[in-house]
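Structure first, commentary second.
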Number of protein chains: 2
Amino acid sequence: MANIRTVSKLAGVSVATVSRTFSTPEAVSETTRKKVVKAAEKAGYRPNLLARNFRAKRSFAIMVLVPNIANPFFSRVISGIESEAQTRGYSILLGNTGGRPQRNAEYAGMVHTFQADGVIQLSAYDPFSGIEASKRPPLVNICECLDAQSSPQIQLDNAGAASSVIDHFVALGHRRIGVIQGPPDSPLTRDRLAGCQRAMQAHGLNLEPTAIAEGDFSTQSGFDAIDALLSLRKRPTAIFCFNDEMAIGAIRRIKDLGYDIPVDLSIAGFDDIAVSSFSVPSLTTIQQPAETFGRRAVEILCDMINTPGSVENARSTLPFKLIIRGSTGPAGQR
Amino acid sequence: MANIRTVSKLAGVSVATVSRTFSTPEAVSETTRKKVVKAAEKAGYRPNLLARNFRAKRSFAIMVLVPNIANPFFSRVISGIESEAQTRGYSILLGNTGGRPQRNAEYAGMVHTFQADGVIQLSAYDPFSGIEASKRPPLVNICECLDAQSSPQIQLDNAGAASSVIDHFVALGHRRIGVIQGPPDSPLTRDRLAGCQRAMQAHGLNLEPTAIAEGDFSTQSGFDAIDALLSLRKRPTAIFCFNDEMAIGAIRRIKDLGYDIPVDLSIAGFDDIAVSSFSVPSLTTIQQPAETFGRRAVEILCDMINTPGSVENARSTLPFKLIIRGSTGPAGQR
DNA sequence: TCCTAAAATGTAAACGGTTACACGCGCTCG
DNA sequence: CGAGCGCGTGTAACCGTTTACATTTTAGGA
């Protein structure tokens, strides 16, 4: 394999000049530059980035920690990360954690061994907890964020978004509203639940504890949660699922039971994944700027990497949008 | 940052011994090993893998080139890749190509600069075409494969799978069968179409060219393709969509038009993505071992990386399974 | 006790770039 | 005409690890 010395000999210049030709071409005269480029071409020279990065103590790679790639919402966030990283010359390392803290920590540890320059964390986890602030590697939490301010957090106004769903239900005349929440220990669940409660109270209503079913954000769990909600004495006329996948599972079960949506029951989801606009009926949901989450995370992370200390651990909030589709309708049609 | 020399001084041994302690512990006596480990711990030493990999001329990273991460089938394949790579000590670099050959080539080029040890390619593209066989970097094509034998190919028996869908339709009494295919230049489209034609002929039927609509594997394109098929003079009673997403779009449009599935029309898809079992009606489809594709690709790629020349460019075929669900039923019910 | 082989450890040279510093050259300006 | 400057280039050290080879230590047998 051709290295920088091969090329320097071939071009009749020093290794430094070859190096400069590729990393700081403006520091080399036009004539030598051409000479070197020609020699490099002839030798089939490609700079060894392993060596370059080693010297620079930088890998130009970003570790992305995601609980589950198969989740379509996360896929979109990753698309955003990938595209922004690509334009900035960073490559992305993918870590599928399955929500396991151990895997999470393992992957995040790659930043200590210089395999990654920073971490984007898509779940409410701090892989560097316990590390003194000035020594913490660059980290950005997105989507599901930490309460702590140990790193920049980019999130949605989950409570506000949940409120807007409740407001929509109430405006349609719904009074008995049910919820299929996510795992109870998730900040997402907590914030969305708080938003629901806030909005209910603002309308003089109560979110009955029995009308809150527990899911785990999987389609199956949405399917499974329906029976309990529909067997309540005071059956809800509208159900808010904390993500679209659970909503799709719920819709399926509701139809299996012979009910019509939205005539008998209104359903709303959260995330606006691709399939939601094609379900039957199409799903009322909260749209999140998934790709923007990814892009912004990369922007901030790169700032942290390139000028340490320049970024404060701010919490930023991206806008949501209530998308009203066919799965929600007026209450009391039957 | 603590390096190997810091530790060697602290432990009172040579750098070689420290190195051996971590890379070949069996070559170091028990007592020194303990001494070194303790010193390393005290110094907060983590080996610089950038340096190690540089020395080894290996990055222990695999480049995964995928046309579109947001595709749920690819997500599952990537999960498989990630998990197998993780257990083998490889990290995975993600390249979202959007199907653009240029991006594809750019990413694949990272193997020349030692940033990746090999490439897993999820589309029918050879990023190393033109490179002499003995110099080609490790590459495995999966899912959508090349006709050439320039690298190992892991694929499904697409024609066989398509045939089995047609057989299923015919067994239900369908005679007029429509197809929503993928992009015409895709080997996937070509093979599945060939399978359809073969099966139709075996049953003494013909696949009418007018009954073949063109999609691009997106949900929207499935939606859009329906009108043309349903306005045919000889309207099909069953439609085979070449992936599940198009099938979901198609189902949506068919229901909008007031038809019942499967009473008026049977629909089948391909891939068995997660949502397909929850659609209404649930989707008859071809199940592919997505994670297995990923795992096998990593297995083979690692063999190629570790013992070059040992792997022949074989073509292997993974099994499919026809999953019969609610979207297909007997013909001529109305 | 001595000799030999095996095991453990040390020394120092790579690996392929980058870059601080030195140097030479041509130019400008006083 | 010489000092000073800036540009382009070269020399060589350095980054942190691995590893071939040399050397020392240990163990075991005669």
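Sequence lines set the chain letters: A, B, ... in the order given, protein chains first and strands last, and positions in each chain run from 1.
Ring-plane geometry between A/F73 and A/F293 is classed as perpendicular, the angle between the planes exceeding 60 degrees on a 0 to 90 degree scale with a lower cut at 30.
Between A/K9 atom NZ and C/dG16 atom P the separation is 12 Å, expressed in whole Å. In this structure, the CD atom of A/E30 is 16 Å from the P atom of D/dC7, given to the nearest Å.
Proximity of the aromatic rings of A/Y45 and A/F22 is defined here by a centroid distance below 6.0 angstrom, and this criterion is met.
Note on A/K38 versus A/E41: no salt bridge recorded, every NZ/NE/NH1/NH2 to OD/OE distance being 4.0 Å or above.
Across every non-hydrogen atom of A/Q155 and A/C143, the tightest pair is CB-O, 4.3 Å.
Each of B/I69, B/L65, B/I81 was checked for a side-chain contact (heavy atoms from CB on, under 4.5 Å) with B/L94, and the lone residue meeting it is B/I69. Checking A/R58, A/E82, A/E84 one by one against A/Y90, the side-chain hydrogen bond (donor to acceptor under 3.5 Å, both in side chains) holds for a single residue, A/R58.
Distances were taken from every side-chain heavy atom of A/S14 (C-beta onward) to each of C/dT9, D/dG10, D/dT9; the shortest belongs to D/dG10.
Between A/S29 and D/dT9 there is a side-chain N or O to OP1 or OP2 distance below 4.0 Å.
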Sequence-aligned protein contact record of nucleotides 13-27 of chain D, with B where the base is within under 4.0 Å of a protein heavy atom and S where only the sugar-phosphate is: -BBBBBB--------

